[in-house]
Colleague: 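Below are the structure tokens for one structure; questions will follow.
All chains are named by letter (A, B, ...) in the order of the sequence lines, taking the proteins before the strands, and each is independently numbered beginning at 1. Computed from a predicted structure; not experimentally measured.
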2 protein chains.
Amino acid sequence: MPTLADVGKAAGVSRGTVSNVFNRPELVRPELRERVEAAARALGFGGPDPKGRLLRDGKFNAIGFMPPGAYAISEVMRSPYGRELVLGVSLACDEAGTTLSLVNGTDNTRFASIRDALVDGFILGHSADIGLIVSVQRRRLPFVILESDAGPDINSIKIDGRSGAVAAVRHLTGLGHRHFAILSVRRTPGPPIVHMPGQATRRLLAGFPLDDERLDGFKQGLAEANLSIDNVPIIETIPGEPSAGAVVFDRVPEATAILTMSDWQAITILDEAVRRGIDVPGHVSVVGFDGTAESARTTPPMTTVAQDVIGKGRLAARMVLDNEAPRQVVLPVELVVRASTAAPRTKIR
Amino acid sequence: MPTLADVGKAAGVSRGTVSNVFNRPELVRPELRERVEAAARALGFGGPDPKGRLLRDGKFNAIGFMPPGAYAISEVMRSPYGRELVLGVSLACDEAGTTLSLVNGTDNTRFASIRDALVDGFILGHSADIGLIVSVQRRRLPFVILESDAGPDINSIKIDGRSGAVAAVRHLTGLGHRHFAILSVRRTPGPPIVHMPGQATRRLLAGFPLDDERLDGFKQGLAEANLSIDNVPIIETIPGEPSAGAVVFDRVPEATAILTMSDWQAITILDEAVRRGIDVPGHVSVVGFDGTAESARTTPPMTTVAQDVIGKGRLAARMVLDNEAPRQVVLPVELVVRASTAAPRTKIR
DNA sequence: ACCATTTTTTGGAGCGCTCCAAGAATTTTA
DNA sequence: TAAAATTCTTGGAGCGCTCCAAAAAATGGT
């Protein structure tokens, strides 16, 4: 690859002049400019290499998005929630004229990814991993962490997941439901895990603050109706797991209400209900979480704990772009009641 | 920001040793290593700056995605098609451990964006703009252009849009439809444009090869049934335009079949139909284009010209990643018949 | 204790560029 | 036509790093 210097030599001018031809052409005499351009063409020089400029100027003009946990960026893109989040981020990037780098990192490479990412700031997906935070801090880059409060010195944005979960349960108990099932998130690879009441392996900690908080909200909401979460089957599935619905219906046939951690999970349930001819909300009520655009279009339209996902992504990007004093933002949620929930009635299956 | 040299000075060792401490720690004596690390900590040195390494090594380890036309990346993310495309690209990026840079470029900045993008290759969204191609070629980066054949020397991937369009029309004429409306794409800002038959402003060129080819397919399909596209109202709307459905129903009430350029447009129609209580497919049949995941979940599930969008994105990424001899790939499409189309019957509106 | 090995550390070279102060060339003014 | 003003061009400095050949230090064997 030819360089500025090569072109300069060929055209009989200096490096600096060639640079000017490409960056401030008005500064160089038309005749000379033409000679330089001809030389550049002849050598197949395609303009100054951004690498050189970068080292000189130091701005990448890009922000990085790192998926939560060990997720890949394709997994983020696959989920309705992830897509809206990235959409929100990209909105802010559009406004700022910034590139959005979706940074990949497997379990072992994510630290190196953060170390090497060509970005001016980071958005970290929710995650319990303090190591990632430390990695970003090391680079002195502005960053924000999602769905996980990391203290007053660190930018974070989360929703009020607990209240949302409580609201979902209240809605259902208010309708008269007494038999629940909870669809929680499995954050490790593998098939759905069913935790039946009283089982030894049962645990309430899903591992990510986001999950735990919602689970805790469910617990609280149930307690308010004199129900114990200890008696509620909890099924952990990987987001998007297509068998989730089948497992729920097979293992917890008595449930009249199903609580989920995301619209995506709820969609899985709804799909399976259609497949089995189970009437929603006649036989069973289903509540989603997130209020993504998809939730409005399911059959039937879904009751869900809605948050402003796009707004959250956008705010996150703005926070790293603006790089102001650290803030911890908690965004409100709102229960959107649609047609996937109703009073329980005698079940006919 | 401290540099390797600063740390070296503080620790009483050379630049090179500090570099080794961070990149090949096994090469330096534990005691020394520790001293260097202490110095780094004291100075707040967060590891070697990627900019320096980059200049030295020359690989960005990223590929860029540039939206078609004057679209912003948020607009890509908003459309069902765009999302699946990016998902496909990200799949290949995950496999290759590469970063996916969504490169922004407004009308005036897209050339500079290409010039400066910190990527090893490019995926160009469909576009008629030869200038973009030239810009990428200048940088000597491997690239692929989508939905637009740019000759034998240039990587391209497109679907067989014409055949898809023909199949859609055949399906509808086979069902007995004689009254059509076509929802085409407006590629400039502004409200829907209605081209009624015989109107002076009428034109069949939407501007992007992708649109023109489909329009041409519709024309051919209609001709096969002895119908002329010249008698079919064509409405151009910006993708996602919420008023599209209203315009179609208001301006072309006699149409029993609506052809669209994308699932997204068809969704708009379907939404409006629900709003107005128009029965699909009883009163009117609607055909989408692309076969995105969303098309399967509409009410009613949509008949659509399906392509493997995810596969296309993935292939595109592979082509730039692998950088082999230029190929022009044409992907097949398949008409997926679902419930949004049926034989026309007397219209009751 | 000396020499041969092996392990560790060093510092020059170079990646490609932009900035900028200073020098050279050209144009304007008197 | 010479001096002054203006326009254009130059090349050094420096951005921060990694590689590598060579020097230095440590280790081992006799």
Colleague: Test of understanding: with side chain to side chain donor-acceptor pair (under 3.5 Å), list the residues that count as partners of B/Asp94, not counting sequence neighbours.
Modeller: A/Ser74, A/Asn104
Colleague: With sequence neighbours left out, which residue pairs that include part of residues 22-31 of chain B fulfil the side chain to side chain donor-acceptor pair (under 3.5 Å) condition?
Modeller: B/Ser19-B/Asn23, B/Arg29-B/Glu31
Colleague: At 10 degrees resolution, what angle do the end axes of the helix from C/dA1-D/dT30 to C/dA30-D/dT1 form when each is taken over five base pairs?
Modeller: 40°
Colleague: Mind checking A/Phe22 for me? I need base, sugar-phosphate or nothing, with any heavy atom below 4.0 Å counting as a touch.
Modeller: nothing
Colleague: What are the two closest heavy atoms between A/Pro68 and A/Gly125, and how far apart are they?
Modeller: CB-C, 3.7 Å
Colleague: Please name the pair of heavy atoms, one in B/Val103 and one in B/Ile73, separated by the smallest distance, quoted to 0.1 Å.
Modeller: O-CG2, 3.7 Å
Colleague: Which residue pairs pass the ring pair (Phe, Tyr, Trp, His ring centres under 6.0 Å) test with at least one member in residues 50-70 of chain B, sequence neighbours excluded?
Modeller: none
Colleague: Judged by each residue's nearest nucleotide on DNA chain C, which is more toward the 5′ side, B/Glu26 or A/Leu4?
Modeller: B/Glu26
Colleague: Go through the structure and list residues passing side-chain contact (heavy atoms from CB on, under 4.5 Å) with A/Arg33, not counting sequence neighbours.
Modeller: A/Val21, A/Pro25, A/Val28, A/Pro30, A/Glu37
Colleague: Hey, are A/Asp49 and A/Lys51 close enough for a salt bridge, meaning a charged N less than 4.0 Å from a carboxylate O?
Modeller: yes
Colleague: Any salt bridge (charged side-chain N to carboxylate O under 4.0 Å, His left out) pairs touching residues 68-90 of chain A, not counting sequence neighbours?
Modeller: A/Arg83-A/Glu294
Colleague: For DNA chain D, which residues in residues 51-62 of chain A have a heavy atom at a distance below 4.0 Å?
Modeller: A/Leu55, A/Arg56
Colleague: Mind listing the residues from residues 7-15 of chain A sitting with a heavy atom below 4.0 Å of DNA chain C? Number order is fine.
Modeller: A/Arg15
Colleague: Give the minimum heavy-atom separation between B/Ala92 and B/Leu321, together with the two atoms involved.
Modeller: O-CD2, 4.2 Å
Colleague: Give the first and the last nucleotide of DNA chain D, reading 5' to 3', that has any atom under 4.0 Å from a heavy atom of chain B.
Modeller: D/dG16 to D/dC19
Colleague: Determine which pairs satisfy ring pair (Phe, Tyr, Trp, His ring centres under 6.0 Å) with at least one residue from residues 14-36 of chain A, sequence neighbours left out, and list them in order.
Modeller: A/Phe22-A/Phe45
Colleague: So what does B/Thr17 touch, heavy atoms closer than 4.0 Å: a base, only the sugar-phosphate, or nothing?
Modeller: base
Colleague: Just to verify, what does B/Val329 make a side-chain contact (heavy atoms from CB on, under 4.5 Å) with, not counting sequence neighbours?
Modeller: B/Ile157, B/Leu315, B/Met319, B/Arg327, B/Leu331
Colleague: Going by an N to O cut-off under 4.0 Å, is there a salt bridge joining B/Asp57 and B/Arg53?
Modeller: no
Colleague: Check whether more than 12 heavy atoms from other residues, nucleotides or ligands sit under 6.0 Å from atom CD of B/Gln137, and answer yes or no.
Modeller: yes
Colleague: Near DNA chain C, which residues from residues 28-44 of chain B have a heavy atom under 4.0 Å away?
Modeller: B/Val28, B/Arg29, B/Leu32
